[in-house]
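Here's a structure for you.
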Amino acid sequence: MSTYFLPGKNTCYNPTATNYDNNVQTEEQEAYNDLQKQLDHLYKTLPKDKGWKSEYIFLYKNFWLSRDVIKGLLLIQTYFKPEPTDIFLATFMKSGTTWLKALMFAISNRHHYEFSNHPLLSTGPQSAFPFLDTHIYLDQAITKFDHLPKPRLFATHHPHESLPTSMTSPMSPCKFVYVCRDPKDVLISKWDFMNKIRSKDLVPISFNEAYESFCKGVSEYGPFWDHVLGYWKASKESPDKILFLKYEDMKKEPIVEVRKLAAFMGMAFTTEEEEKGVVEEIVKLCSFETLSSLEVNKSGRQRFIAKETIENQNFFRKGVVGDWENYLTEEMKDRIDSITSDKLKGSGLTLGLTK
Ligand code: PAP
């Protein structure tokens, strides 16, 4: 059972809480079972390739997704009802989700908790708010998140173009925070992570194999470049709706980026908070050093998909910029850089540090 903190209260958000309407639950469960039948047919028709975590991934509407994630996407498209105040954290895998989860939770709940006794210190960032992609069908077809405090925060790895227009349309008032990272660091981080959580029945993915697939765009939620470009273009069209951040900028100037993030979320720091050092406190609370040394992140586990848990420590490896130098040859680096410049040509986006 996954639980999420309810700010200001000493209770957790529980998606299968007893006050959940049983009729709605049954109806959703039936729809969920029907969907499974449609999906069994769909999987037979979609192009498939080798998954990094599971045996296969499928090309669904231009992006490579696992079975469970396609199911989650269809459920989101059909049942998820965004609220005007919702804020979505969107990322390509391994680009800074865990860090941003902690920061967004700490920013939006800063009036509820003391930093010395903050729930992030005991639960870790994974429990801060739900991951839409898998949570929506965790345990059962949960489509209600009424228990979440407003603004509701959700994380997703889905590409911009896959999400329902009720979330992404410029007319929809909900917001997105997108974080991107140098694809060379994403590749290393993802290869390491996926092998750690890959089914033990499958042979681990070799680094060369992962490198080749990544360059071809074939990895969960890939192609990387199309993912980034979807959010980049949308952020250019609607800068008030999508905040586009870079992992490298955040590492270099976390205070500047966290101020930007809070202002975008509609929760800018007051002069008094600035003087009291609240921004610095949040940056310290959510730093790699603080989070990775917590007991919950050394020994705890997180449930993402029914029957599957991931050790929290797998979300913390090195947390640095440029670790790719320890893995990629000059030739490998040049190839990824050249794919990046080809793909991003004319978009105005450069990856890595902004300045
Ligand atoms: P996810 O997509 O599976 O949720 P995500 O959190 O996006 O993973 O990325 C994990 C990366 O962020 C790891 O990078 P690495 O493998 O290169 O080390 C992880 O170490 C890093 N990370 C986790 N927490 C933080 C943090 N607080 N500050 C900076 N980097 C972090």
Side-chain angles (χ1 to χ4, degrees), residues 52-53 65-66 69 88-107 118 120-121 123-135 153-159 177-198 207 210 214 219-222 224 227-228 231 245-255 257-258 261 281-294 296-298 300-305 308-328 352:
W52 291 29
K53 173 173 172 285
L65 305 174
S66 68
V69 167
F88 300 96
L89 164 63
T91 49
F92 186 83
M93 285 184 73
K94 314 323 286 180
S95 299
T97 329
T98 310
W99 191 8
L100 264 292
K101 252 191 164 186
L103 286 170
M104 288 168 67
F105 182 80
I107 288 169
H118 200 281
L120 280 175
L121 298 172
T123 66
Q126 300 305 339
S127 301
F129 53 87
F131 182 58
L132 202 53
D133 308 19
T134 51
H135 191 94
L153 303 175
F154 296 100
T156 180
H157 289 323
H158 279 300
V177 174
Y178 186 77
V179 192
C180 78
R181 190 180 186 189
D182 183 329
K184 302 187 289 299
D185 281 333
V186 170
L187 160 65
I188 307 304
S189 185
K190 189 168 180 177
W191 169 66
D192 178 84
F193 178 78
M194 293 307 227
N195 267 338
K196 281 179 183 152
I197 64 166
R198 189 168 161 84
F207 183 64
F214 190 85
S219 72
E220 286 78 352
Y221 297 96
F224 168 85
H227 198 285
V228 175
Y231 282 97
L245 298 173
K246 293 181 179 177
Y247 183 95
E248 294 76 15
D249 291 343
M250 297 191 55
K251 282 299 279 192
K252 189 173 176 213
E253 294 190 304
I255 291 184
E257 298 301 302
V258 167
L261 175 62
E281 288 275 14
I282 289 179
V283 167
K284 188 168 153 226
L285 173 72
C286 302
S287 68
F288 182 86
E289 291 67 29
T290 304
L291 295 180
S292 60
S293 61
L294 298 174
V296 65
N297 288 331
K298 287 189 194 158
R301 303 179 77 86
Q302 180 70 23
R303 188 158 163 217
F304 281 95
I305 297 180
E308 182 186 295
T309 61
I310 297 179
E311 288 177 37
N312 289 342
Q313 62 181 350
N314 291 337
F315 293 94
F316 303 91
R317 196 182 60 96
K318 291 192 182 169
V320 297
V321 172
D323 189 41
W324 60 263
E325 289 188 17
N326 296 313
Y327 295 81
L328 299 183

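Numbering starts at 1 and runs along the sequence shown. Start at 1 and go down the list; that is how both ligands and their atoms are numbered.
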(request) Applying ring pair (Phe, Tyr, Trp, His ring centres under 6.0 Å), name anything that partners Phe92, two or more places apart in sequence or on another chain. (result)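 By the ring pair (Phe, Tyr, Trp, His ring centres under 6.0 Å) rule, Phe92 matches Phe224, His227.
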(request) Could you tell me which residues satisfy salt bridge (charged side-chain N to carboxylate O under 4.0 Å, His left out) with Lys184, sequence neighbours excluded, listed by chain and number? (result)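 Applying salt bridge (charged side-chain N to carboxylate O under 4.0 Å, His left out) to Lys184 gives Asp182, Asp337.
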(request) For the pair Phe154 and Phe88, name the ring-plane relationship: parallel under 30°, tilted 30 to 60°, perpendicular over 60°. (result) parallel
Quick one: ligand 1 N/O to protein N/O pairs below 3.5 Å?
unit_1, atom_1, unit_2, atom_2, d
ligand 1, 2 (O), Lys94, N, 2.8
ligand 1, 2 (O), Thr97, OG1, 3.2
ligand 1, 2 (O), His157, NE2, 3.2
ligand 1, 3 (O), Lys94, NZ, 2.7
ligand 1, 4 (O), Thr97, OG1, 3.3
ligand 1, 6 (O), Thr97, N, 3.4
ligand 1, 6 (O), Thr98, N, 2.8
ligand 1, 6 (O), Thr98, OG1, 2.5
ligand 1, 7 (O), Lys94, N, 3.3
ligand 1, 7 (O), Ser95, N, 3.1
ligand 1, 7 (O), Gly96, N, 2.9
ligand 1, 7 (O), Thr97, N, 2.7
ligand 1, 7 (O), Thr97, OG1, 2.5
ligand 1, 8 (O), Lys94, NZ, 3.0
ligand 1, 14 (O), Arg181, NH1, 3.2
ligand 1, 14 (O), Ser189, OG, 3.4
ligand 1, 16 (O), Ser189, OG, 2.6
ligand 1, 16 (O), Arg317, NE, 2.7
ligand 1, 17 (O), Arg181, NH1, 3.4
ligand 1, 17 (O), Arg181, NH2, 2.9
ligand 1, 17 (O), Arg317, NH2, 3.2
ligand 1, 18 (O), Lys318, N, 2.6
ligand 1, 18 (O), Gly319, N, 2.7
ligand 1, 20 (O), Arg317, N, 2.9
ligand 1, 20 (O), Gly319, N, 3.3
ligand 1, 27 (N), Cys286, O, 2.9
ligand 1, 27 (N), Phe288, N, 3.3
ligand 1, 30 (N), Tyr247, OH, 2.7

(request) Indicate whether the side chain of Asp185 and that of Tyr247 have a donor and an acceptor atom separated by less than 3.5 Å. (result) no
(message) Could you work out, with side chain to side chain donor-acceptor pair (under 3.5 Å) as the rule, every residue matching Tyr231, not counting sequence neighbours?
(response)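 So Tyr231 forms no side chain to side chain donor-acceptor pair (under 3.5 Å) with any residue.
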(request) Evaluate whether atom NZ of Lys284 has more than 12 neighbouring non-hydrogen atoms of other residues, nucleotides or ligands under 6.0 angstrom away. (result) no
